[in-house]
Amino acid sequence: MCGIIGVVGGNQVGLDLVEGLKKMEYRGYDSAGIALQEGATFRLFRELGHVVNLEKSVEFDGKETIGIGHTRWATHGQVSVRNTHPHLSYDGAFAIVHNGVIENYKELRQELMDYGVPFASETDTEVIVNLIAFFYHQHPESLQATLLRAQHKLQGIYSFVLMAQAEPNVLYALRNRAPLLIGHKPGAYYVASDMLAMAQHTKQFYFLDDGEMARLTFDHCEIYRPDGTLVHKQPLTIDIPSSDVDKGPYEHYMLKEIHEQPFVLRRILSKYADDGVLKLDPIIIQALLEADSIQIIACGTSYHAGLVGKLLFEKVARKKTEVHIASEFSYQTPLLSEKPVFLLISQSGETADLRLSLDKIKELRRPVFTITNVMGSTLAREADAALLLYAGPEIAVASTKAYTAQISVLALLAQSLSTEGNLVHELTKIGFYMEEVLALETPIKTLVERLLDHAHNAFYLGRGIDYALSLEAALKLKEISYLQAEGFPSGELKHGPIALIEKDTPVFGIITQLSTALATRANLEEVRARGARTATIVLSSFKKPDDDLVLPDCHPLLTPMLTAIVVQYIAYYAAILKGTNVDKPRNLAKSVTVE
Ligand code: AGP
């Protein structure tokens with residue numbers, strides 16, 4: 001979703017802002033803007049489309065010492081220059097960039113208009129900056145006091161960064177349930193919604209908690225609680241190697257991230273297992289052992305990893321597990337067992353639907369843990385404890401390495417609850433098998449060209465764990481190739497979906513379980529008989545001569561670690577075939593921080 005950044009100090013503020021915005025492009029956006037301040041003057045640059053358009057229009061004169069920038073993913077008001085951030089207050093005294101949603105913006109806008117305050121855009125953001133300006137005129141007290149007054153009026157999820165004519169070398173930053181953190185290097189402070197926007201400048205980060213406000217100058221950072229008292233925080237040192245954020249030799253981040261999966265798996269094993277002995281947080285393990293059920297909550301790809309997690313917990317640890325879509329859970333909390341423990345799975349650790357679920361869970365006073373890829377993310381900090389995925393930054397909007405990392409961590413958790421089996425050993429082998437599957441890139445590309453060239457839809461079929469994977473396969477294909485794609489339990493075909501099959505409809509069959517192989521093959525025969533073009537993805541021990549893609553045999557509960565790579569490649573090459581924007585697909589955002 002929207003990315004926000006502010007810089008005060010240093011000797012290249014304009015450049016730092018543009019570079020920071022570029023680093024946040026992966027989050028998804030449709031316009032971008034920058035405001036630079038020199039004394040009491042704001043210079044505003046706003047453009048539709050990519051940051052390069054903005055870069056061409058920004059004029060730096062090298063004297064800038066402070067500025068703010070924004071990539072906008074439209075929520076309130078269409079994609080237009082006048083809705084693009086930064087926004088100035090009606091009197092021109094303040095400039096703001098904002099991320100999130102102000103729920104009571106209509107009421108506030110009306111109230112302000114009743115007092116004669118004019119509006120220039122359709123955004124909820126303009127309500128914030130006009131409210132601040134209005135309060136400041138009413139009581140020209142300290143800006144801090146003004147912001148606190150505004151904060152008490154604003155409802156919703158938001159973070160913002162503000163510059164004021166009255167204080168030319170100060171940035172104000174306020175966080176309320178939307179990500180915002182501060183970076184520091186000698187002579188400059190940065191504030192942004194995403195660590196990656198600042199990672200090239202510093203390793204020292206201060207995390208703001210909800211309701212906190214920071215006042216930043218080039219050499220000073222003050223953080224205040226909502227009651228106005230000062231908070232003293234220690235910075236955290238976080239190093240993001242530049243190789244983690246560069247594309248390297250790959251044409252797209254998605255392709256790079258697909259290829260990184262064996263490495264990520266090995267890093268997870270090195271963090272959570274010592275010579276085969278598991279070393280996950282004992283507090284989490286104890287809570288899981290004592291619980292009478294595990295409740296997994298997640299969205300999108302993370303939800304699909306949760307479906308595999310359910311099978312792992314139930315089969316390896318004999319622990320009853322349910323998986324919930326976060327946006328459903330937060331509104332209709334289901335009937336739960338007496339002593340549940342909650343696992344939130346979120347690559348970004350910032351997903352709004354999960355944060356709402358967390359609010360519900362906290363009312364239940366039961367243990368809640370987050371499995372996330374982002375250290376210091378909101379969900380990591382608000383849960384009782386967090387397990388990191390160690391996948392490195394995932395830049396492509398379509399999640400790949402985080403998915404297999406989530407399954408790996410879930411497998412290790414499940415194994416930690418049981419003395420039977422040895423998934424650690426099995427996962428060690430998976431790293432090598434993944435490399436074998438990665439080597440199938442060319443045959444998979446050829447298969448995609450054969451099956452999907454003129455396709456307008458596609459289906460994945462599977463049973464059990466292969467059905468869970470089919471859902472992820474279809475999501476990947478939809479997201480980046482824009483093909484209508486569905487994953488079905490293959491046994492359900494005859495109960496409706498088979499009506500969609502016509503001549504040349506592409507159907508992929510995922511067959512990794514001996515117990516269901518014959519049945520799924522029979523279902524594929526049924527669609528073939530109705531004209532479908534089929535392709536099979538099978539394990540080597542039960543391959544047949546005309547199977548299309550044959551994968552190394554592995555533990556039956558870990559097959560998604562291999563089939564995932566195949567379906568990620570399929571989606572990637574389908575997107576290449578269609579000429580879509582692989583890393584930044586239309587309408588999507590990497591981190592979904594609004595409901
Ligand atoms: C995955 O390819 C998607 N971009 C999306 O479904 C994503 O998994 C979902 O929005 C959940 O995000 P999270 O893991 O950061 O919470």
Side-chain angles (χ1 to χ4, degrees), residues 1 26-29 73 157 178-179 193-196 252-255 257-258 261 296-309 323-330 342-358 369-380 382-383 386-389 391-407 409-410 468-469 471-483 485 487 560 564-565 567-572 574-575 580-595:
M1 303 258 125
Y26 77 99
R27 299 169 68 95
Y29 69 106
W73 193 85
I157 295 175
S193 50
D194 190 321
M195 197 182 287
L196 293 183
H252 296 98
Y253 280 108
M254 182 178 175
L255 193 58
E257 288 159 7
I258 291 173
Q261 293 177 98
I296 295 176
I297 306 176
C299 309
T301 289
S302 299
Y303 170 76
H304 296 153
L307 295 176
V308 178
V323 195
H324 309 275
I325 291 177
S327 53
E328 289 293 306
F329 184 93
S330 56
F342 294 88
L343 284 184
L344 310 179
I345 308 179
S346 175
Q347 185 283 130
S348 62
E350 299 294 348
T351 302
D353 294 320
L354 275 160
R355 296 201 64 194
L356 292 174
S357 299
L358 184 55
F369 307 111
T370 299
I371 298 177
T372 182
N373 198 28
V374 183
M375 188 193 281
S377 59
T378 306
L379 290 167
E382 291 187 351
L387 280 175
L388 281 179
L389 294 174
E394 194 179 60
I395 309 284
V397 164
S399 186
T400 53
K401 60 178 178 174
Y403 173 72
T404 46
Q406 287 161 343
I407 295 173
V409 170
L410 288 164
L469 196 280
L471 294 176
E472 173 58 8
L475 176 67
K476 264 326 56 107
L477 202 50
K478 276 179 218 174
E479 275 186 297
I480 60 167
S481 76
Y482 313 150
L483 276 180
I565 294 179
V567 302
Q568 291 162 0
Y569 268 153
I570 291 175
Y572 177 78
T580 58
N581 188 340
V582 174
D583 285 336
K584 291 177 231 155
R586 70 183 179 205
N587 304 339
L588 294 177
K590 183 67 185 167
S591 167
V592 185
T593 51
V594 294
E595 251 187 284

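Throughout, residue positions are numbered sequentially from 1 according to the sequence presented. One-based numbering, in listed order, for ligands and for the atoms of each.
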Distance under 4.0 Å to a non-hydrogen atom of [X]: what atoms of ligand 1 satisfy this?
X    : answer
S302 : 8 (O), 13 (P), 14 (O)
A398 : 2 (O)
S346 : 13 (P), 14 (O), 15 (O), 16 (O)
T301 : 1 (C), 2 (O), 6 (O), 8 (O)
S399 : 1 (C), 2 (O)

Seminar exercise, completed: If you compare T351, T400, T370, D353 by their heavy atoms, the one closest to atom 13 (P) of ligand 1 turns out to be T351
Problem set entry | Proximity flag K476 to ligand 1, non-hydrogen atoms under 4.0 Å | yes
Tell me which protein heavy atom sits closest to [atom], plus the residue, atom name and distance to 0.1 Å.
atom                    : answer
atom 3 (C) of ligand 1  : E479 OE2, 3.0 Å
atom 10 (O) of ligand 1 : V592 CG2, 3.9 Å
atom 11 (C) of ligand 1 : C299 O, 3.4 Å
atom 15 (O) of ligand 1 : S348 OG, 2.6 Å

For this session: Return yes or no for this condition: an N or O of Q406 is under 3.5 Å from an N or O of ligand 1.
Result: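 No, no N or O pair falls under 3.5 Å.
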For this session: Answer yes or no: does an N/O atom from I345 fall short of 3.5 Å to an N/O atom of ligand 1?
Result: no
Exercise. Between R355 and E350, is the closest basic N to carboxylate O distance under 4.0 Å?
Worked result: no
Beyond-backbone contact of [X] with [Y], side-chain heavy atoms, under 4.5 angstrom:
X    : Y    : answer
I565 : Q261 : yes
L388 : N373 : no
D583 : I395 : no
N581 : R586 : no
F369 : L344 : no
V308 : Y403 : yes

For this session: Go through the steps for T301 and L475 under the test side-chain contact (heavy atoms from CB on, under 4.5 Å), then give the verdict.
Result: CA-CA 8 Å; T301 289; L475 176 67; 3.5 Å; yes
Problem set entry | Under 3.5 Å side-chain donor-acceptor pair for K476 and S481 |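 K476 vs S481: no donor-acceptor pair found between side chains.
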